[in-house]
Number of protein chains: 4
Amino acid sequence: MKDKRPKYKKIIEAAVMVIAEKGYHAAQVSKIAKQAGVADGTIYLYFKNKDDILISLFREKMGMHIEKIRKCLEGKKTASEKLYTLVENHFSQLNKDRQYAIVTQLELRQTNRELRQRINLVLKEYLNLIDEIVEYGVRTGEFREDLDFRLARQMIFGTIDEIATTWVMNDQKYDLVSLVSSVHELLIDGFRKRDALSSDHP
Amino acid sequence: MKDKRPKYKKIIEAAVMVIAEKGYHAAQVSKIAKQAGVADGTIYLYFKNKDDILISLFREKMGMHIEKIRKCLEGKKTASEKLYTLVENHFSQLNKDRQYAIVTQLELRQTNRELRQRINLVLKEYLNLIDEIVEYGVRTGEFREDLDFRLARQMIFGTIDEIATTWVMNDQKYDLVSLVSSVHELLIDGFRKRDALSSDHP
Amino acid sequence: MKDKRPKYKKIIEAAVMVIAEKGYHAAQVSKIAKQAGVADGTIYLYFKNKDDILISLFREKMGMHIEKIRKCLEGKKTASEKLYTLVENHFSQLNKDRQYAIVTQLELRQTNRELRQRINLVLKEYLNLIDEIVEYGVRTGEFREDLDFRLARQMIFGTIDEIATTWVMNDQKYDLVSLVSSVHELLIDGFRKRDALSSDHP
Amino acid sequence: MKDKRPKYKKIIEAAVMVIAEKGYHAAQVSKIAKQAGVADGTIYLYFKNKDDILISLFREKMGMHIEKIRKCLEGKKTASEKLYTLVENHFSQLNKDRQYAIVTQLELRQTNRELRQRINLVLKEYLNLIDEIVEYGVRTGEFREDLDFRLARQMIFGTIDEIATTWVMNDQKYDLVSLVSSVHELLIDGFRKRDALSSDHP
DNA sequence: AATGAATGAGTCTTCATTCAT
DNA sequence: CATGAATGAAGACTCATTCAT
């Protein structure tokens with residue numbers, strides 16, 4: 001049982017490459033097919049249409065990303081550590097897979113509202129993960145009890161997303177992972193209880 | 001001497017309406033022209049191309065927005081107050097002009113990389129404004145002296161932008177301005193010096 | 001030894017159903033296969049191509065139709081009776097098999113010229129049958145001896161075909177068989193020997 | 001005021017030529033455009049889509065045809081003469097415009113049901129014209145008073161349409177107009193008042 | 001300055017057919 | 001005989017932009 005759905009995966013990988021290079025609109029289906037080494041029509045055996053390639057790609061990658069983070073989170077005791085882990089994973093994944101970073105930070109946004117809604121559905125699971133961390137922090141008394149979950153989540157995601165986008169638009173010239181500490185510190189300070197301050201991340 | 005370039009302004013306003021309603025890609029130039037009450041060709045007397053309408057619209061609005069914020073900032077003494085003013089203006093402008101909020105938070109993003117670069121050029125001035133506030137805070141000793149300007153700016157902009165986008169995608173159902181205090185607090189805590197805490201905004 | 005070529009027949013019947021429901025162009029081979037309970041490829045073991053399904057279907061049904069009419073005709077003495085029998089059989093078959101009626105009156109026509117020629121080849125046998133009746137009528141002195149065989153045949157076929165098509169396009173709302181008498185009468189009057197009739201056209 | 005809507009007419013004429021030569025499905029819009037000497041997009045300023053070209057073409061030609069027949073009919077006194085005029089005009093128009101004959105007899109039929117309905121709407125006016133003649137014949141006592149209008153109309157149209165189609169499929173080898181007399185005679189005999197004729201069918 | 005009729009480039013998707021198993 | 005995954009050709013239509021008036 002090697003290589004389940006080999007064509008599906010090949011097409012996804014081809015799509016990441018072509019979209020990263022050309023941009024979503026200029027990424028013709030026929031180019032993706034050629035890159036994947038399949039016929040144009042084969043794409044439509046696995047995907048409903050071009051948009052569905054983008055959605056599926058994002059869902060696939062995001063699913064793996066979330067799974068990996070969940071595993072890493074298991075060992076962590078404090079909310080601060082958990083948040084650190086999240087940011088670290090977020091940045092390191094983008095840092096490792098440059099083409100996927102381009103797709104996720106730039107091309108995924110260039111879509112119409114309907115598609116955007118479907119993208120948000122996928123993103124939701126990630127946002128839930130952030131919520132869980134914040135909630136955990138409040139529950140353990142590590143974070144202020146009057147912390148607004150939604151705002152905290154939006155601050156976390158908004159910040160790392162903006163940093164990632166800037167990094168991509170600057171041609172990924174610097175090492176994204178080196179920012180993890182500072183970003184974590186910046187975020188955590190807003191959440192923490194006012195009377196106890198320390199830097200506790202690894 | 002009022003009504004300078006009346007058609008130019010009419011087209012901009014028409015573009016905001018049509019793009020907010022239909023989305024950027026579905027907003028045909030001919031529809032914008034009809035909405036503005038001019039001929040299709042007339043648009044090209046004032047704008048180089050369709051993208052230029054979007055850019056110009058953003059530049060125009062952003063210019064006014066920045067000007068207004070600068071005025072408001074003049075009276076403020078502390079960096080915290082200044083940041084509060086910025087967030088408040090940001091949210092209240094979007095809250096007031098719902099159609100522009102849609103254009104700026106959703107449609108402006110659906111553009112190719114080249115256009116995106118030009119949008120960033122316009123945005124830069126706004127980001128500079130944020131930088132100035134952060135810098136001021138550090139200079140006055142209100143903020144930590146080791147604060148990374150770029151990260152601080154990305155946190156501020158990333159947070160308020162994410163909050164605004166979520167609000168738009170949720171059909172602007174709640175009052176954006178009511179979030180100003182909480183957001184400001186959340187942000188400022190990360191910047192402040194560790195030994196002196198207070199809530200100082202109006 | 002019943003059920004000869006069971007798949008062949010199943011495919012034909014499935015084709016009638018799917019084509020009647022969807023129309024010829026929208027009736028994908030894969031849908032016919034599914035309806036017949038066979039694999040797509042199996043169809044090509046029995047038919048050369050999609051057009052061949054339509055032709056074969058028509059040939060099969062038309063063959064049975066002609067055979068049945070020939071049997072009914074045997075007992076009839078006069079050309080008038082024979083013509084009556086033909087019209088009656090024509091209408092009653094369509095009346096009985098509504099889906100086939102749709103295929104034959106509407107979908108069979110939506111084909112390109114080459115296919116149309118092959119359909120006409122099948123139809124030819126039916127037209128020959130009509131010719132035989134006309135010829136018989138002339139031979140027995142029942143019809144005018146100067147009757148143009150070809151025109152008579154075209155009048156007979158054109159009339160009943162037009163009536164059938166109208167009936168199908170009107171959603172087969174009325175009983176086609178009830179028209180047999182009137183149609184027969186209308187047709188026969190043009191063929192019959194006349195005692196004394198003027199020719200009044202210019 | 002010369003040549004109203006010159007492009008519209010050019011496209012119609014080009015469509016007749018290309019469709020007659022290639023068949024409707026093989027008649028690419030771009031080929032019609034080239035033949036008409038306009039850009040592809042120009043077609044869509046005058047027609048909603050490819051189907052609309054076919055419909056408009058038919059409506060245009062049929063309109064002129066009906067108008068012409070109506071003029072010819074005015075001078076005729078008897079229903080028989082009127083019917084003769086109709087058949088004569090029908091055949092002579094097809095005989096004159098060979099390409100249009102191909103379009104009308106073959107290509108117009110190769111369309112899906114929805115389009116067919118719209119074609120029938122145009123055809124209806126022609127069928128009404130036939131109805132008027134039949135009605136006139138009955139009113140003046142020239143035709144049997146128990147004549148079924150609908151059947152008579154279907155016999156007339158079915159017959160001349162079948163004759164015309166056969167003629168086209170036989171490559172228009174013979175002179176269609178030479179058949180007018182015989183066809184007229186054949187038709188009229190079924191309609192006329194009879195002195196004494198038995199009904200002999202079962 | 002203003003018009004609006006004309007242009008024409010550019011691509012996703014379907015589905016009949018094949019052939020290795 | 002039977003399967004069904006894979007193939008790949010083919011074309012209508014949109015709409016930003018131009019330019020003669």
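Heavy-atom basis, side chains included; hydrogens, waters and symmetry copies ignored.
Within the 4.0 Å cut-off from OP1 or OP2 of E:dA6, at least one side-chain nitrogen or oxygen of D:Y46 is found. Using a 4.0 Å cut-off, no side-chain N or O of C:K7 falls inside it from OP1 or OP2 of F:dC1.
Counting heavy-atom neighbours within 6.0 Å of D:K61 NZ, excluding the residue itself, gives a total above 12.
Of the candidate nucleotides E:dT7, F:dG4, F:dG8, F:dG4 has the atom nearest to the side chain of C:A39.
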Using atom names, set out every protein N or O paired with an N or O of nucleotides 15-19 of chain F below 3.5 Å, distance rounded to 0.1 Å.
unit_1, atom_1, unit_2, atom_2, d
F:dC15, OP2, B:Q28, NE2, 3.1
F:dA16, OP1, B:K50, NZ, 3.2
F:dA16, OP2, B:V29, N, 2.8
F:dT17, OP2, B:Y44, OH, 2.9
F:dT17, OP2, B:K50, N, 2.8

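When the P atom of E:dA16 is taken as reference, atom CD1 of C:I53 falls 9 Å away, rounded to whole Å. Note: NZ (B:K10) to P (E:dA1) measures 15 Å, nearest angstrom. In this structure, D:R5 places its CZ atom 14 Å from C1' of E:dA5, rounding to the nearest Å. If you measure from atom CD1 of D:I43 to atom P of E:dG8, you get 13 Å, rounded to the nearest angstrom. We find that NZ of A:K34 is positioned 15 Å from C1' of F:dT7, with the value rounded to whole Å. Here F:dA12 presents its C1' atom at 15 Å from CG of D:L54, a figure rounded to the nearest Å. The interatomic distance linking A:I32 (CD1) with F:dG8 (P) rounds to 18 Å, in whole Å.
D:F47 comes within contact range of no nucleotide atom at all, as no heavy-atom separation falls under 4.0 Å.
In this structure, the side chains of C:Y24 and C:L106 stay at 4.5 Å or more apart for every pair of heavy atoms. The shortest side-chain heavy-atom distance between C:D52 and C:R118 falls under the 4.5 Å cut-off.
The structure places CD1 of B:I53 at 6.5 Å from OH of B:Y44, a figure rounded to the nearest 0.5 Å. Note that the CD atom of A:Q35 and the CD atom of A:E21 stand 8.5 Å from one another [nearest 0.5 Å]. Here B:I32 contributes atom CD1 and B:K50 contributes atom NZ; the two are 6.5 Å apart, rounded to the nearest 0.5 Å. Taken from CD1 in B:I55 to NZ in B:K48, the straight-line distance is 9.0 Å, to the nearest 0.5 Å.
Side chain to side chain, D:E114 and D:Q117 fail the donor-acceptor criterion of an N or O pair below 3.5 Å.
Heavy atoms only, all atoms of each residue included: A:R113 and B:G23 are closest at NH2-N, 2.9 Å.
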Next item on the list: Give the dot-bracket string for DNA chain E, reading 5' to 3', where a pair is Watson-Crick or G-U wobble with both distances under 3.5 Å, ( ) marks pairs inside the strand, [ ] marks pairs crossing earlier ones, | marks a partner on another strand, and . marks unpaired.
Entry: .||||||||||||||||||||
